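Here's the structure, in structure tokens; my notes come after.
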Amino acid sequence: MPLGIEYPFKACCGAGGEYNFVSGIGCGSSGYVNGTLVKSERCSDPTLHLIWDNIHPTESFARYVAEGVLSESYLRPKFDMKGDFLRAM
């Protein structure tokens with residue numbers, strides 16, 4: 001996968017399962033799944049993931065998106081993001 005992402009659909013911080021996500025058990029908390037107590041824990045390398053927890057992107061993924069917007073490569077139609085932004089201030 002591009003950008004060095006190895007786990008595009010697996011959360012970095014979670015409590016297990018195919019996507020490392022269990023509804024109702026947030027990052028850093030514990031809960032029961034099928035009668036077993038599980039703890040949601042952080043992965044060892046967040047840069048390999050797109051998703052931090054069930055809803056938030058990782059910092060590295062947010063950086064890739066920001067770089068794309070600021071370089072105008074993700075904008076359609078293209079416009080001068082830096083110039084328009086600076087003129088608006």
Side-chain angles (χ1 to χ4, degrees):
M1 174 134 212
L3 309 175
I5 302 297
E6 290 187 26
Y7 309 104
F9 303 110
K10 189 174 182 181
C12 174
C13 191
E18 182 179 358
Y19 301 110
N20 198 29
F21 167 73
V22 177
S23 181
I25 303 176
C27 186
S29 47
S30 301
Y32 286 91
V33 176
N34 298 325
T36 303
L37 181 64
V38 295
K39 179 173 170 62
S40 178
E41 297 181 339
R42 176 190 183 277
C43 64
S44 61
D45 188 354
T47 63
L48 301 178
H49 297 257
L50 291 178
I51 306 163
W52 173 253
D53 56 14
N54 63 324
I55 192 167
H56 300 99
T58 57
E59 183 177 323
S60 57
F61 180 62
R63 187 189 82 229
Y64 293 127
V65 171
E67 286 175 354
V69 170
L70 293 175
S71 71
E72 302 171 30
S73 61
Y74 293 168
L75 301 175
R76 300 286 185 263
K78 287 191 173 249
F79 66 96
D80 182 7
M81 177 73 168
K82 294 175 196 151
D84 291 343
F85 177 75
L86 293 175
R87 279 190 292 279
M89 293 181 71

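Just so you know, these numbers come straight off a predicted model, no measurement behind them. Residue numbers run from 1 in the order of the sequence given.
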CD1 of I55: more than 12 outside heavy atoms within 6.0 angstrom?
no

Residue pairs involving residues 50-63 (criterion side-chain hydrogen bond (donor to acceptor under 3.5 Å, both in side chains); sequence neighbours excluded)
D53-H56, T58-S60, R63-E67

So the side-chain hydrogen bond (donor to acceptor under 3.5 Å, both in side chains) pairs with at least one residue in residues 8-35 (sequence neighbours excluded) are none

Closest non-hydrogen atoms of V22 and G16, given as atom of the first, atom of the second and distance, are CG2-O, 4.0 Å

Distance-minimising heavy-atom pair for P46 and R42:
CG-NH2, 3.4 Å

State which residue, out of L50, I51, T47, fulfils the side chain to side chain contact (heavy atoms under 4.5 Å, CB included) condition with I5.
L50

Pair listing, disulfide bond (SG atoms under 2.5 Å apart) test, anchored in residues 27-63, at least two apart
C12-C43, C13-C27

